[in-house]
Amino acid sequence: MTRIVYVEVLDERSRLKERVKLERLPSVIGRGYDSDVILDDPYVSPSHLRILVDEQDTLWAEDLESLNGLHDVSQAAAVTRLQLRSGTRVKVGRTILRILDSGHPIAATLADTRAVGGVRRQLLSSRMSIAVTVVALALFTLLGFLGNHEKEGIAQSVTAGLLIVLALTVWAGCWSLANRLVSHRFNFVLHLGLAATGAVILLASSQLSEWLDFLLPAADGFSVMDATVALVVFGAQLYGHLLLVTALTHQVLWRSASAVTAAIAGLIVLSVYAADDPSVSQLPFSATLKPLHPRLVRTISIDEFAAAAGGLKERADRVAREK
Amino acid sequence: MRLLFLIIVLCHSAVTLPAKAQSDSAQATNVFRRFSEHVGKIEVSETGSGAKATLGSGFFVSAAGHMITNYHVISKLVHDPDRYRAELIGADGTAHRVSVVAVDAISDLALVLTPFKPKEHFALEPVTLAQGTRLYALGHPRDLGLSIVEGTYNGLLRHTLYPKIHFTGSLNPGMSGGPTISVRGEVVGINVSTEGNEISFLVPAERAAELLAKAGQSSFAPSKSLLADVGRQIRAFQDIYFARMFTGATPRVRLGKFNLPTKPAPFFKCWGDRTRNTKLAYQVVEHSCSTDDYLFISGDQLSGIAELSHELITTSELNPARFYALYSSRFQEETMSGMYGDLEQVTPFECETRNVVNKRRKLRAAICVRRYRKLDGLFDAVINAAILGERDMGLLTTLAISGVSFENAQRLAKRFLESIQ
């Protein structure tokens, strides 16, 4: 039976650079083009070592009188001939070689809980990402136009829409760079898709809260709802970007995203309290007006309104007592 | 600040006085010689540092040593009696402690008691004058020494919060609280404020006579807290003053298709304007009324101000969504002007917003109030409303009232919102 042997070429930090199946034994490894395994290392001789098998089917490495010698990594010593077992590491020049038999044991297969492929397929396909970005551009431009009362409204809102998409691109670009540094891939379109999705959700949430505020002026807390949605979207974005960039598990990702989001929420709350310098001239009333047919607007009578305003006295008294 | 503008603004025309005075110099000299000793300089200073805080004038009105001055001259003492003291400064510069007996914050008057027993004093008796009568104002302008200013009587003003005499003559800072008298020495009024260009105002002497009479009554007991008195006076005053607003036949004004109240009471003055800016995709017509007058509470707080304003916004270029974006932003910008006070005096505003309906229209209405911290039961209130349901026009309207009881604010808000048609 022919013995199948693999040579793994590792860099100085033991990361796998190349895996070569030896077509025959003996095989010569060196820098020369006549070698069976060519090493791109200036400290390696043209024919540096030979891998061979003897009659007892034992595998050997032999130094071919190389300049820098053959080293047994486990012994940290130069040798002229070394018996190889599957997994033995030798150093030639500045390259480490790991010699493996085809029967070398491997680790058990991991169950894939991240399902990146799934997320990509369903949510983060490149095509979907581009579509969401285009939708974001269109929505921001349209709502910018509808929220603008200048004569040059169209030009201004197109510019504003493009600026927002530019900002999303820069954001996605930063994540892509991080992605490239960590896992040799940019994933730019996916990062952009994530960012655009977040922006669209935020826009929808602010529109919804404006309408709710107009239709239900007595109900408070739409701004809190808005802020909560913004934080959740931020946390989810962070999760998504990290999912693409790192190989961390779901649990770690959720924890990291939640921790960062909570920290940001805390900072915002703190800054709001720190800047709590109440103005005595601002009128904090809800001034949202929407073009809705009057029949669709639910109203109360003036008397009911005056009665509802009765609580203001107590509120003002309480504020006066507080300070 | 508007207040400082009114009271402290320097009249430019003082330089013209010597020429005028020459014609009647003999009379002015006589008046000055006969009555100068009736008038004194009143200083309010900080007890700790002794630094001068306010300076005004006053005049003797009783043999017991009572003097009349302005409330705004001694208001610091009323607000903070432990921190300030008031003194009458004699001609030789000696200071004599005076105490505040009673105040009339509505008429801006105060009665103080000095340790002197003057041989002569002014009598506060009714006097009838014809417009154009020559008058002489006495006081200490800018601490330059007792001065006499000639001017003319131009009658009692209507449309002011409290009666005021229009005096054509230059009153200057420091003359506040001094008397303006006829050639015979009858007190016509008390110097109170100026708008510059020889337009000056006097509190009618009858008000001072009433204050003196009240303090002279056997039942009169000096108040434990003059500040509480000020609060009571303003509360009683606003009950009468604001009660008349939006009642009976309030005049109406038409802006676009809307029929709106204007000049809610006779003491309001109204203006209107229209913006025509071709760069804008909309037009605005404004109509506003205000009392143009105020009650002095302290150097940082005025009261008694009421403003009514309407803003009609129309467009032929904006679609409804864009128009309502504009409409919302203008509604949001509605703020109260003409209300003063800082966090020491007033609380921040608290608001209540609802969509409401009156007999004809649906409105977005908001009422905002802030409370006076030192004067119980008084509030500043702002009522904002926007008419709903039109596609290309909108109307924003605001009523702002300062120094009002909560119940009156509620009542006025109701009447005001009902009156928007």
Side-chain angles (χ1 to χ4, degrees), chain A residues 142-153 157 210 213-220 276-323, chain B residues 279-282 315 317-329 331-336 339 341-343 345-358 361-373 379 382 384 386 388-389 391 394 406 410-411 413-414 417-418:
Chain A
L142 175 68
L143 289 172
F145 176 67
L146 294 180
N148 176 310
H149 48 77
E150 303 289 331
K151 282 198 169 178
E152 302 81 21
S157 35
E210 269 186 27
D213 186 32
F214 172 66
L215 292 170
L216 308 167
D220 272 343
D276 191 16
D277 186 17
S279 154
V280 291
S281 54
Q282 263 171 12
L283 300 177
F285 71 100
S286 139
T288 316
L289 302 171
K290 292 286 177 193
L292 198 62
H293 193 281
R295 238 179 289 158
L296 300 174
V297 181
R298 232 182 55 192
T299 52
I300 56 173
S301 73
I302 305 276
D303 282 340
E304 285 168 317
F305 175 57
L312 284 175
K313 184 179 188 203
E314 207 174 297
R315 271 157 61 187
D317 283 345
R318 197 169 54 235
V319 174
R321 273 199 304 275
E322 275 166 12
K323 190 185 167 241
Chain B
K279 285 185 187 158
L280 297 177
Y282 58 92
T315 185
E317 294 177 47
L318 299 175
N319 64 36
R322 297 183 73 199
F323 176 70
Y324 270 72
L326 163 77
Y327 198 24
S328 292
S329 77
F331 193 32
Q332 185 76 72
E333 283 163 18
E334 292 284 303
T335 50
M336 39 103 241
M339 278 192 194
D342 57 29
L343 212 51
Q345 279 94 31
V346 290
T347 64
F349 274 104
E350 295 281 332
C351 301
E352 213 44 86
T353 313
R354 293 287 188 282
N355 296 325
V356 302
V357 61
N358 65 20
R361 296 196 182 274
K362 289 196 170 181
L363 314 162
R364 174 82 158 183
I367 175 166
C368 301
V369 300
R370 62 179 192 185
R371 211 193 93 148
Y372 288 15
R373 289 182 193 268
F379 295 79
V382 182
N384 281 324
L388 300 175
R391 294 166 59 85
F406 187 81
Q410 249 177 321
R411 208 169 295 139
K414 268 165 72 173
L417 292 172
E418 291 288 6

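In what follows, chains carry the letters A, B, and so on, assigned in the order in which the sequence lines appear, proteins first and then strands, with residues in each chain numbered from 1.
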**Student:** Looking only at heavy atoms, which two atoms of A:L283 and B:N384 are closest? And how far apart?
**Tutor:**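 A:L283 and B:N384 have their closest heavy atoms at CD1-ND2, 3.7 Å.
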
**Student:** Applying side chain to side chain contact (heavy atoms under 4.5 Å, CB included), run through A:F145 and B:N319 and close with a yes or a no.
**Tutor:** CA-CA 11 Å; A:F145 176 67; B:N319 64 36; 4.3 Å; yes

**Student:** Out of B:C368, B:S328, B:A325, return the one with the most heavy atom pairs under 4.5 angstrom to chain A.
**Tutor:**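 The residue among B:C368, B:S328, B:A325 with the greatest pair count is B:S328.
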
**Student:** Please test A:L292 against B:Y324 for side chain to side chain contact (heavy atoms under 4.5 Å, CB included), starting from the C-alpha separation and ending with a verdict.
**Tutor:** CA-CA 10 Å; A:L292 198 62; B:Y324 270 72; over 6 Å; no

**Student:** Any idea which of A:A218, A:A306, A:G311, A:S301 has the most non-hydrogen atom pairs under 4.5 angstrom with chain B?
**Tutor:**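 So the answer, after comparing A:A218, A:A306, A:G311, A:S301, is A:A218.
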
**Student:** Please check this pair: side chain of B:K362 against backbone of A:P294, looking for a donor-acceptor N/O pair closer than 3.5 Å.
**Tutor:**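 Here the side-chain-to-backbone pair exists.
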
**Student:** Have A:S286 and B:R364 got a donor and an acceptor in their side chains that come within less than 3.5 Å?
**Tutor:**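 B:R364 and A:S286 do have a side-chain donor-acceptor pair below 3.5 Å.
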
**Student:** Measuring from A:R315:CZ to B:T347:OG1, what's the distance to the nearest 0.5 Å?
**Tutor:**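 Rounded to the nearest 0.5 Å, the CZ-OG1 separation comes to 11.0 Å.
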
**Student:** Would you mind checking which part of B:A365 comes under 4.5 Å of any heavy atom in chain A, side chain (CB onward), backbone (N, CA, C, O), both or neither?
**Tutor:**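 Both backbone and side chain.
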
**Student:** Counting heavy-atom pairs under 4.5 Å with chain A, which one of B:G394, B:A413, B:A321 comes out on top?
**Tutor:**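 The answer is B:A321.
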
**Student:** Which heavy atom of A:P217 sits nearest a heavy atom of B:R354, and at what distance?
**Tutor:**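 Taking A:P217 first and B:R354 second, the nearest heavy atoms are CG-CA, 3.7 Å.
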
**Student:** Taking side chain as everything from C-beta outward and backbone as N, CA, C, O, which of these in A:K290 sits under 4.5 Å from a heavy atom of chain B? Side chain, backbone, both or neither.
**Tutor:**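 Answer is backbone: N, CA, C or O of A:K290 sit under 4.5 Å from chain B.
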
**Student:** Counting only non-hydrogen atoms closer than 4.5 Å, does B:L318 touch chain A with its backbone (N, CA, C, O), its side chain (CB onward), both, or neither?
**Tutor:**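 Side chain of B:L318 only, per the 4.5 Å heavy-atom cut-off to chain A.
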
**Student:** Check each atom of B:E317 against the heavy atoms of chain A and say whether the ones under 4.5 Å are side chain, backbone, both or neither.
**Tutor:**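 B:E317 touches chain A through side-chain heavy atoms alone.
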
**Student:** Side chain to side chain contact (heavy atoms under 4.5 Å, CB included), that's the test. Do B:F331 and A:F285 meet it? Break it down for me.
**Tutor:** CA-CA 10 Å; B:F331 193 32; A:F285 71 100; 3.6 Å; yes

**Student:** Checking A:L215 against chain B: side chain, backbone, both or neither under 4.5 Å from a heavy atom?
**Tutor:**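 Looking at A:L215, just its backbone touches chain B.
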
**Student:** Relative to chain A, which segment of B:F323 carries a heavy atom at a distance below 4.5 Å: side chain, backbone, both, or neither?
**Tutor:**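 Neither the backbone nor the side chain of B:F323 comes within 4.5 Å of chain A.
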
**Student:** With no hydrogens and no angle check, is any side-chain donor or acceptor of B:N355 less than 3.5 Å from a backbone partner on A:F214?
**Tutor:**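 Here the side-chain-to-backbone pair exists.
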
**Student:** How many angstroms lie between NZ in A:K151 and OH in B:Y282, if you round to the nearest 0.5 Å?
**Tutor:**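 Separation between the atoms: 11.5 Å.
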
**Student:** Mind checking the CZ-CZ spacing from B:R371 to A:R321? Nearest 0.5 Å is all I need.
**Tutor:**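 Reported to 0.5 Å precision, the distance equals 8.0 Å.
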
**Student:** Can you tell me how far apart OG (A:S281) and CZ (B:R370) are? Round to the nearest 0.5 Å.
**Tutor:**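 Between atom OG of A:S281 and atom CZ of B:R370 there are 7.5 Å.
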
**Student:** Tell me, for B:T315 versus chain A, whether the close heavy atoms (under 4.5 Å) come from the side chain, the backbone, both or neither.
**Tutor:**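 B:T315 has no heavy atom closer than 4.5 Å to chain A.
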
**Student:** Side chain, backbone, both or neither: which part of B:Y327 has a heavy atom under 4.5 Å from chain A?
**Tutor:**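 Contact with chain A is through both the backbone and side chain of B:Y327.
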
**Student:** So, taking the atom named CD in B:E352 and the one named CG in A:L312, what distance separates them when rounded to the nearest 0.5 Å?
**Tutor:**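 Rounded to the nearest 0.5 Å, the CD-CG separation comes out at 5.0 Å.
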
**Student:** Please round to the nearest 0.5 Å and tell me the distance separating atom CG of B:L326 and atom CG of A:L289.
**Tutor:**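 Answer for the CG-CG pair, B:L326 versus A:L289, is 10.0 Å.
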
**Student:** Looking at A:H293, is its backbone amide N or carbonyl O close enough to the side chain of B:R391 to form a donor-acceptor pair, meaning the two atoms are under 3.5 Å apart?
**Tutor:**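 Absent.
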
**Student:** Would you name the heavy atoms of B:I367 and A:A309 that are closest together and state the gap between them?
**Tutor:**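 Closest approach of B:I367 to A:A309, heavy atoms only: CG2-CB, 3.5 Å.
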
**Student:** So for B:F379, is it side chain, backbone, both, or neither that comes closer than 4.5 Å to the heavy atoms of chain A?
**Tutor:**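 The answer is the side chain of B:F379.
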
